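Atoms within a ligand are numbered from 1 in the order they appear, just like the ligands themselves. From a predicted model like this one, the values you see are computed outputs, not experimental measurements.
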Amino acid sequence: MSTPIGPVDATKVPRYGGPATFARLPRLDEVSRADVAVVGIPFDSGVSYRPGARFGPGHVRAGSKLLRPYNPALDAMPFGTQQVADAGDLGVNPFDIEEAIGTIDAGISALRADGAQVLTLGGDHTVALPILRSVARDHGPVAVLHFDAHLDTWDTYFGAPYTHGTPFRRASEEGLIDLERSMHVGIRGPLYSKQDLEDDAVLGFQVVRSDDYEVDGVASVVERMRRRLGDGPVYVSVDIDVLDPAHAPGTGTPEAGGLTSRELLNTLRGLVGLDVVGADVVEVSPAYDHAELTAIAASHVAYELLSVLALNRAG
Ligand SMILES: N=C(N)NCCCC(=O)O
Ligand SMILES: [Zn+2]
Ligand SMILES: [Zn+2]
């Protein structure tokens, strides 16, 4: 492998300048090939409460300018031992959700066909369904590791099947997920009824609650997670509202009592060695953010995921 083109050197161009790409990385058209493509999906037509996640990709990129090359927590060089590039944003129809879902599937599939793993910046959580369709076409049913305050396995909203609260029910119905190996992490807050949890278990998910972090701690969560996910392919979906609103106010359906960013980042580090085949970070809504708190948290989530991919690639 030729030496990857990394971020613009911060000793030459200060961090507040330079390109608006994720982590000031090269654009995809500036590299011959990418091991990992970071792609934005500016789409929020599936939200049930506050809008604005369509502006998430640009905001997360802006919040990623301070990321540095070396990750001491994992002893990893996420931009140094693999080529990561910014693939820009997919152009999706905001007025026709089913068309948007088709465009997302095609866009993700094209990047993957070129040999890149894809890390998606949302966008609302609807986008996870077409990404999983693309991933499962190659890998078969994958374990979904889903970080979220919410189950996102509800059936419909106002009769609509494709929304940000329903992607994992559709994915389960379509046979895209491994029913024995999938799980939610960070679940909390009021539900519509007790039945929600019963349905969710049938759809293939185990639940690690936000409170389990308080009671058992990160190490125990990581152990449960690794046991459940096992050896096969894993898709990681991070709804930034898994974090407490104190850590991530800029999101559409905030719930009190969430994870700290430290807990989330440490949990993600526990994925080293598992077969992570793709990931997303969704539900960043900048209009509700303050001081880039949510964008910085989301960019660090992406950084830890890229670090895991880098270490796994190195073996
Ligand atoms: N933030 C996501 N993805 N889902 C929230 C759906 C919760 C609701 O509207 O009842
Ligand atoms: Zn959520
Ligand atoms: Zn969600």
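For ligand 1, the atoms closer than 4.0 angstrom to any heavy atom of D239 are 1 (N), 2 (C), 3 (N). Remark: ligand 1 atoms within the under-4.0 Å shell around heavy atoms of D241 are 1 (N). The distance from ligand 1 to the heavy atoms of Y157 drops below 4.0 Å at these ligand atoms: 6 (C), 7 (C), 8 (C), 9 (O), 10 (O). Taking every heavy atom of H125 and a limit of under 4.0 angstrom, the matching atoms of ligand 1 come to 3 (N). For ligand 1, the atoms closer than 4.0 angstrom to any heavy atom of E283 are 1 (N), 2 (C), 3 (N).
More than 12 heavy atoms of other residues, nucleotides or ligands lie within 6.0 Å of CD in E30, so this atom counts as buried by the packing criterion. More than 12 heavy atoms of other residues, nucleotides or ligands sit less than 6.0 Å from atom CD of E198. More than 12 heavy atoms of other residues, nucleotides or ligands lie within 6.0 Å of OH in Y288, so this atom counts as buried by the packing criterion. The environment of E174 atom CD is dense: over 12 non-hydrogen atoms of other residues, nucleotides or ligands sit within 6.0 angstrom.
Below 30°, between 30° and 60°, or above 60°: for F205 and H146 the angle between ring planes is above 60°, a perpendicular geometry. Ring-plane geometry between H164 and Y157 is classed as tilted, the angle between the planes lying from 30 to 60 degrees on a 0 to 90 degree scale.
Protein heavy atom at the shortest distance from atom 1 (N) of ligand 1 is T253 OG1, 2.9 Å. In this structure, atom 4 (N) of ligand 1 lies nearest to the protein heavy atom D152 OD1, 2.9 Å. S48 OG, 2.4 Å is the protein heavy atom nearest to atom 9 (O) of ligand 1.
For a threshold of 3.5 Å applied to N or O pairs, the pair formed by Y192 and ligand 1 contains at least one separation below that value.
With a heavy-atom cut-off of 4.0 Å, H164 touches ligand 1 through backbone and side chain alike. Neither the backbone nor the side chain of D124 comes within contact range of ligand 1; no heavy atom lies under 4.0 Å.
Side-chain N/O atoms of T294 and H59 include no donor and acceptor closer than 3.5 Å.
Under a 3.5 Å cut-off, the side chain of R112 and the backbone N or O of G107 do not form any donor-acceptor pair.
Expressed to the nearest 0.5 Å, how far CD1 of I101 lies from CG of N93 amounts to 11.5 Å.
A salt bridge (Lys or Arg N to Asp or Glu O under 4.0 Å) with R169 holds for exactly one of D152, D199, D196; it is D199. When each of V36, L306, I5 is checked for a side chain to side chain contact (heavy atoms under 4.5 Å, CB included) with F79, only L306 meets the rule.
Protein atoms that are N, O or S and lie under 2.8 Å from the Zn ion (ligand 2) are these: D148 OD1, H150 ND1, D239 OD2, D241 OD1, D241 OD2.
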